[in-house]
Amino acid sequence: MAERNQNLWDRQQNKKAKAKKDRAKARHFEKDEGAQWEGGESQFEGARLGIIAESRQKTFSVMENDEYFHCKLESGLDKELSKHLVVGDKVYFDLEGEEDGSILGRQDRKSTISRLRGDSTRYSEASLETHVIAANVNDAVIVASAKDPEFHPRFIDRYLIVCQNGNVEPIICINKSDLTTERHPVLSFYRELGIRIVETSTLTGEGIDELKNLIRGRIVVLVGNSGVGKSTLINSIIPGANLRTMEVSEKKGTGKHTTTASNLYKWDEDSYVIDTPGIRSLGIDNIEKSSIRFFFTEFEKFADQCKFRDCVHDHEPECEVKNAVERGEINVYRYESYLRMLKEY
Ligand code: GDP
Ligand code: ZN
């Protein structure tokens, strides 16, 4: 009898081990999406559910109800899988001691912030192969400064592409509002699109509460060019976050094997800000030139009527997009911003 039970136990163990291996294998070969280690609660019954708050190569800090656990991947899982875990990922884990745990699987992602690469061929396929740097982000606060550095629409348009691609809602934040009362005319176009805009000054405190109200109850990232005041803003939203300075993250970024730490900060109930050096300098450098046009969705209805099917709306004759710009039916700043993007890459 005892022997029989022992066999049953063995078999169960083997089944568990096989399932582990299969999950890892599927994950490994099917590359990024839809593999078996992703799944609903039923697959990971009894496991805890947390959110990756910090990722350092193969070890992760997982937050569950304000508590942090130091986690590694479950031993049977392919270690490659740890490359597919980023800050913001919701993971199932088991505790192995008071503060340590092992990660069993990942929930499907609702949204992503990614570096973009590859190309697309149609407006409807404006989704690209990506290198994900944060997951389950609700909003991206696209920070620009009213002045110093100078405001350029194309900086905002780049990040709008990143949001569009990753299913993340944009909020435009014009920081350093204390430096000038002048505002770029393109802002009214973004307002027409329904994009939320907030003007802030970390110096006078203007707009900080308004920004907090917009991002309360959400998971957000701040993106934008360097020097616009992202770290200062985060520090005023989360006193004590003590963000790395530019100098430090630059030093960290040199050399091949240095780690790039990403962090998720909780600043209010259900309210998080993600900070990663990767996000701070996010670009769209890897998008094929010929694909950029597909992210300017307002071009779409005119592009059908361009003389050339592969018209990139630059120098081509009989380009309806250019005509629409001249008629004022496409915002001229958006079009200029598009041309700048074409030339930059
Ligand atoms: P980051 O590179 O986007 O993280 O920018 P930082 O937060 O490092 O800020 C760059 C510089 O802008 C610093 O010298 C800040 O003190 C300054 N700064 C940040 N916010 C404001 C603001 O609202 N008004 C003014 N006048 N300066 C600011
Ligand atoms: Zn055209």
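All ligand and atom numbering here is 1-based and tracks the order in the structure. These numbers were taken from a predicted model, which means no experiment stands behind them.
No N or O atom of Ser226 sits closer than 3.5 Å to an N or O atom of ligand 1.
When all heavy atoms of Asn331 and Val186 are compared, the closest pair comes out as OD1-CG2, 4.0 Å.
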Exercise for the section: Kindly indicate, with the supporting measurements, whether the criterion side-chain contact (heavy atoms from CB on, under 4.5 Å) is fulfilled by Phe296 and Ile161. Expected result: CA-CA 8 Å; Phe296 286 74; Ile161 292 179; 4.1 Å; yes
Handout entry: Step-by-step side-chain contact (heavy atoms from CB on, under 4.5 Å) determination, Tyr190 to Ile197
Key = CA-CA 8 Å; Tyr190 296 132; Ile197 301 182; 4.1 Å; yes
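Counting heavy atoms under 4.0 Å from ligand 1, residue Leu179 touches it through the side chain alone. Contacts of Thr204 with ligand 1, taken as heavy-atom pairs under 4.0 Å, are absent altogether. Counting heavy atoms under 4.0 Å from ligand 1, residue Asp178 touches it through the side chain alone.
Using cut-offs of 30° and 60° for the angle between ring planes, the His313 and Phe299 rings count as perpendicular.
No heavy atom of Gly224 sits closer than 4.0 Å to any atom of ligand 1.
Between Leu222, Asp275, Thr232, it is Thr232 that holds the heavy atom closest to atom 6 (P) of ligand 1. Summarising the contacts of atom 2 (O) of ligand 1 with Gly227, Gly207, Gly205, the nearest heavy atom is found in Gly227.
The N, O or S atom of His313 lying closest to the Zn ion (ligand 2) is ND1.
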